[in-house]
Structures are given as structure tokens and as C-alpha cells.
Amino acid sequence: MRLIKEISQMKTWSETSRKNGLRIGFVPTMGYFHEGHLSLMRRAKELADKVVVSIFVNPIQFGPQEDFRDYPRDLERDARLAEEIGVDVIFTPKAEEMYPEGFQTFVEVERLTKPLCGARRPGHFRGVTTVCLKLFNIVKPHFAVFGLKDYQQYLVVKRMVADLNLDLEIIGHPIVREKDGLAMSSRNVYLSPEERKSATCLYKALCLAQEKVKKGVRIVPTLKQELEQFIISHPYTEIDYVEFCHPETLDPVKEIAGPTLLALAVFVGKARLIDNTLIEP
Ligand code: PAF
């Protein structure tokens, strides 16, 4: 496995691979790998001749009060895990090279970034789409794999790729969970043992909603109230949002009349956790 740090070297590697007719699969990450990341890499391996994984904690997608400085990092461990899976290149660009002095161009997807995490984290998706477009231009993949835990991110990146006629496919990969249902996330390391127990309330809330809908509860304000009460009955929790929306437009829905995305963001201690499920009545 190669470790590439410079943009020019990454571009040369990709150009050569493409000239040799190889199909490049790409997994963009911020590192500190867990089983969720590894499953994205395995999926990419199945579909590609060569797999590139980027590790870059992207400063422009964090708000000023967010956890950019504390975000967990362990390149040595990440490189070992990626190598075991058979990743061909780890690309770790430097922030100074990605955003040199004078940098002033950003990409913005308009409507899809307004609700959910976009409403709570101003500028977040502008940072995500900008870095993804830069990474796509550097790595030149035929496809990129994104985890569906960040469902809104997946939709936003897919929209950008379609709107800007980029020549790659965006593949969504199912959420990977711990045994007790907690969605895997690099931010789970922030949880104390007590908070970790409470954190299962996100997954349990998703299951509760599925059950209620199965039993015929379809009115969103009623469902929302029950879920919110359920979540805050767990210690250390603070709800950021509980939203039911259309799975493609992310427009809010008032009643469950067709496939509906239930998306949650909950602070458990200082960790802001997100999760989601598709409800099909
Ligand atoms: O999901 C992530 O880890 C990040 O948002 C991404 C896609 C790597 C962009 O920085």
C-alpha cells in the first residue's frame, strides 16, 4: 500500500492507473477508522481494480465551536487497518496544500442543505461539497462510496455530482452498527461508559418509530412527541433534531403516507450523534 501526501503525486498515480484501464474506487474519510469505514473499503474493493482512501480532517466543514481540534486521529492504526483490507493508496493531503493562502472558491448545493444538519451546522455542507469536489478532481475515481449514516451528506454529494456533470458514480452503503444498535462513528470515542449506555436511545428510538408506524400511528407530531420523550428519558441526552422527511427532497412531512426518512441528531454528553432509518408504511 502506498501512502501519498502530495496532491501532484496523487494526480499522477490516478492518471497512470486510468491510462492502464484500471477502475478506481474511492472512499473519502476523516480517519480514525471503525468497522463502518472498513465496510466502505471492502465494498469499494469488490467493485474496483484499485482503491484509494483519503484521510483528511477537513477544517472548513467544522463550525468555530465544533470539534475540529479534538477530532480523533491515528494515522498509523488507520494505515494498518486499510492495508489489511487491501487498500492500494492512502491519500493524506495537508490542509496548507488543500487550502493555500488566497483560496476562495466554494461549492454550494442549495435546497438539500437547508434542513436537518444543514440548519444546525451552518456552512458544514459547503465545506463537505467543496472538499469532495477537490478530492474527486485529485483522485479521479470512477466511483466513490459514502456511508448512509450521513444520509443528508450522501444526497447532497450525489446532487452536486449530477448538477456539475461530474464523471463518477456515488454509491451509498448501509449503516454499520454495534451489537446493541449504536451506529458506528468516530465520535463514539467521546462517550463515557454511562453516556455510551444512553447512546443506544437513538437506535431504540428508530425501532420505536418503526413499531408505532406498523401499529398505524401516522401523524408526525404525535410520533415526534413520543420519540422526543423517549430520548430525553435517557440521561446525558439533549435533542438537536427529530425529523420526518421525504427521502429524496428532505422536505418535512406531516403524515407518514409513503417511504419517509426519520433522521435524528442527539447530543449525548459532548458527542453529537446522528442516525436515521427509512420508514416504509
Ligand atoms: O463523512 C466524512 O467523513 C466527511 O464529511 C467527508 C465526506 C470525508 C468529507 O470531509
Side-chain angles (χ1 to χ4, degrees), residues 4 7 10 24-41 43-44 51-63 66-75 77-78 81-82 87 89-99 103 105-109 112-113 116-118 120-139 141 143-161 164 166 168-176 183-190 263 265 271-276:
I4 297 184
I7 292 174
M10 186 67 245
I24 304 173
F26 179 42
V27 182
T29 81
M30 299 205 297
Y32 210 70
F33 295 157
H34 48 69
E35 192 47 44
H37 293 114
L38 304 183
S39 74
L40 303 181
M41 296 176 209
R43 178 81 184 276
V51 174
V52 178
V53 174
S54 64
I55 299 179
F56 180 61
V57 185
N58 176 33
I60 67 164
Q61 71 185 71
F62 288 81
E66 293 184 351
D67 57 343
F68 172 68
R69 279 193 21 215
D70 295 341
Y71 198 86
R73 293 158 168 91
D74 189 343
L75 180 58
R77 176 177 160 276
D78 285 351
L81 292 170
V87 166
V89 176
I90 291 269
F91 175 50
T92 56
K94 289 231 167 15
E96 303 83 79
E97 208 192 352
M98 290 291 272
Y99 305 115
F103 182 90
T105 305
F106 296 86
V107 188
E108 197 146 357
V109 173
L112 279 174
T113 60
L116 308 179
C117 289
R120 305 310 193 287
R121 303 182 67 188
H124 168 68
F125 285 116
R126 183 173 103 129
V128 169
T129 41
T130 301
V131 80
C132 284
L133 181 56
K134 283 173 70 70
L135 290 168
F136 295 160
N137 283 333
I138 296 165
V139 175
F143 68 87
V145 191
F146 284 78
L148 292 177
K149 181 172 75 70
D150 298 289
Y151 184 85
Q152 187 175 17
Q153 168 172 279
Y154 160 74
L155 279 191
V156 166
V157 172
K158 235 173 127 70
R159 186 77 251 167
M160 172 187 75
V161 164
L164 300 183
L166 302 186
L168 81 155
E169 189 191 347
I170 300 300
I171 297 175
H173 192 69
I175 299 175
V176 179
M184 294 211 180
S185 162
S186 302
R187 289 190 168 98
N188 291 350
V189 293
Y190 298 149
R272 183 179 180 278
L273 307 179
I274 58 172
D275 206 340
N276 68 76

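We count residues from 1, following the sequence as given. All heavy atoms count here, side chains included; hydrogens, waters and symmetry mates do not. Note that ligands are numbered from 1 as they come in the structure, with each ligand's atoms numbered from 1 the same way.
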- Query: Will you find, in the side chains of D67 and Y190, an N or O donor that is under 3.5 Å from an N or O acceptor?
  - Reply: yes
- Aromatic rings F103 and F106: how do their planes relate, parallel, tilted or perpendicular, breaks at 30° and 60°? perpendicular
By number and element, which atoms of ligand 1 are closer than 4.0 Å to a non-hydrogen atom of [X]?
{"X": "V131", "value": "9 (C), 10 (O)"}
{"X": "T29", "value": "8 (C)"}
{"X": "F146", "value": "7 (C)"}

- Query: Are R187 and Y71 in a cation-pi contact, defined as NZ or CZ under 6.0 Å from the six-membered ring centre and within 45° of the axis?
  - Reply: no
- Message: Ring of F125, cation from R120 - is the NZ or CZ under 6.0 Å from the centre and inside 45° of the axis?
- Response: no
- Message: For V157, which part has a heavy atom under 4.0 Å from ligand 1: side chain, backbone, both, or neither?
- Response: neither
- Item | Which residue and heavy atom of the protein sit nearest atom 3 (O) of ligand 1, plus the separation | M30 CG, 3.6 Å
- heavy-atom search around atom 2 (C) of ligand 1 in the protein gives Q153 NE2, 3.8 Å
- Task: State, with a plain yes or no, whether a side-chain heavy atom of I7 is found less than 4.5 Å away from one of F91.
- Result: yes
- Query: Between N276 and I175, is any pair of side-chain heavy atoms under 4.5 Å apart?
  - Reply: yes
- Do any N/O atoms on Q61 end up under 3.5 angstrom from N/O atoms on ligand 1? yes
